[in-house]
Amino acid sequence: MQKQLQLLQDLQELDTEKKIVENDRQAGLNEKQVLKSEIDRLQQMVDSLAGEISVLEAEKAELNSAMALELENVERSEGRLPQIKTQKEYVAVLKEVDTANKLAKELQAKIDAKDEILTSLSTDKAEKDAELASITEEADSRCAEIDASLVAVNKQLAEMDRQREALLEDLPKGLRKRYGLLMSRRGGVAIVEARGGACLGCHMHLPPQTFNSLFVVNEIQTCPHCNRLLFVTKTDE
Ligand SMILES: [Zn+2]
């Protein structure tokens with residue numbers, strides 16, 4: 001019985017320690033996830049800016065071709081002027097030139113407006129590119145640190161699992177099952193010390209008989225309040 005109690009205490013100690021290591025491991029994984037989402041967020045911003053810029057550039061290219069067309073029109077109409085015979089025709093061609101010039105001016109204004117937006121978007125993108133590069137560099141180096149510590153942590157966990165298996169092997173099946181059930185139902189604490197007449201798991205007072213029997217009865221006792229397995233240390237005797 002004493003041997004079983006000792007095994008259970010060792011198992012509890014190991015599992016408590018294992019939980020801390022597992023939490024550390026999870027914290028590392030979470031940190032990597034946070035770094036990754038930050039990079040993803042910036043990458044999305046950069047991509048969206050690049051998309052906007054490429055749409056604007058296509059629109060600007062269209063405006064430029066329309067502009068070239070109007071300038072050609074002006075040139076062609078002006079080229080016809082010397083050959084014109086009638087006043088009526090002359091006025092008509094001048095009107096054509098005027099219209100084409102007006103259109104070209106409007107197109108230029110639109111091109112200028114696109115240029116202004118393009119400049120501002122390009123500045124934004126350059127800033128985000130730089131931010132992304134610097135954050136990626138930081139994240140890469142931090143992730144390398146985390147990965148290195150995860151290798152150590154995984155090794156430690158594997159070793160703990162080995163120790164755990166060895167302890168479990170020496171426990172009777174029924175007790176193993178009870179321990180597992182309590183672990184999952186009682187927040188990872190299955191066996192606790194009873195001291196000063198109380199259960200240190202739930203801090204409730206134990207019936208005096210139960211408490212006293214812990215020192216003499218050759219059977220594993222449980223707390224009537226939280227059902228955890230109880231042990232006493234020699235200093236309580
Ligand atoms: Zn209790």
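None of the values given here were measured: they were computed from a predicted structure. Order of listing sets the numbers, starting from 1, for every ligand and every atom in it. Numbers here simply count residues along the sequence, with the first being 1.
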Please report the C-alpha distance between Glu22 and Arg25 in whole Å, then the side-chain angles of each, then the deciding distance to 0.1 Å, and finally whether the salt bridge (Lys or Arg N to Asp or Glu O under 4.0 Å) criterion is met.
CA-CA 5 Å; Glu22 277 169 345; Arg25 180 176 180 277; over 6 Å; no
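- Around the Zn ion (ligand 1), the two atoms SG of Cys223 and SG of Cys199 are separated by an angle of 110°, to 10 degrees.
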Show, in sequence, the C-alpha distance, side-chain angles and deciding distance for Arg162 and Glu159, and conclude whether the salt bridge (Lys or Arg N to Asp or Glu O under 4.0 Å) test is met.
CA-CA 5 Å; Arg162 256 195 305 278; Glu159 175 53 30; 2.8 Å; yes
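- Of the angles at the Zn ion (ligand 1), the one spanning SG of Cys202 and SG of Cys226 is 120° when given to 10°.
- The environment of Gln26 atom CD is dense: over 12 non-hydrogen atoms of other residues, nucleotides or ligands sit within 6.0 angstrom.
- Residue contact annotation: His225 places no N/O/S atom under 2.8 Å from the Zn ion (ligand 1).
- Atom CZ of Arg41 sits in a crowded spot, with more than 12 heavy atoms from other residues, nucleotides or ligands closer than 6.0 Å.
- At a threshold of 2.8 Å, the Zn ion (ligand 1) has no backbone or side-chain N, O or S atom of His203 nearer than that distance.
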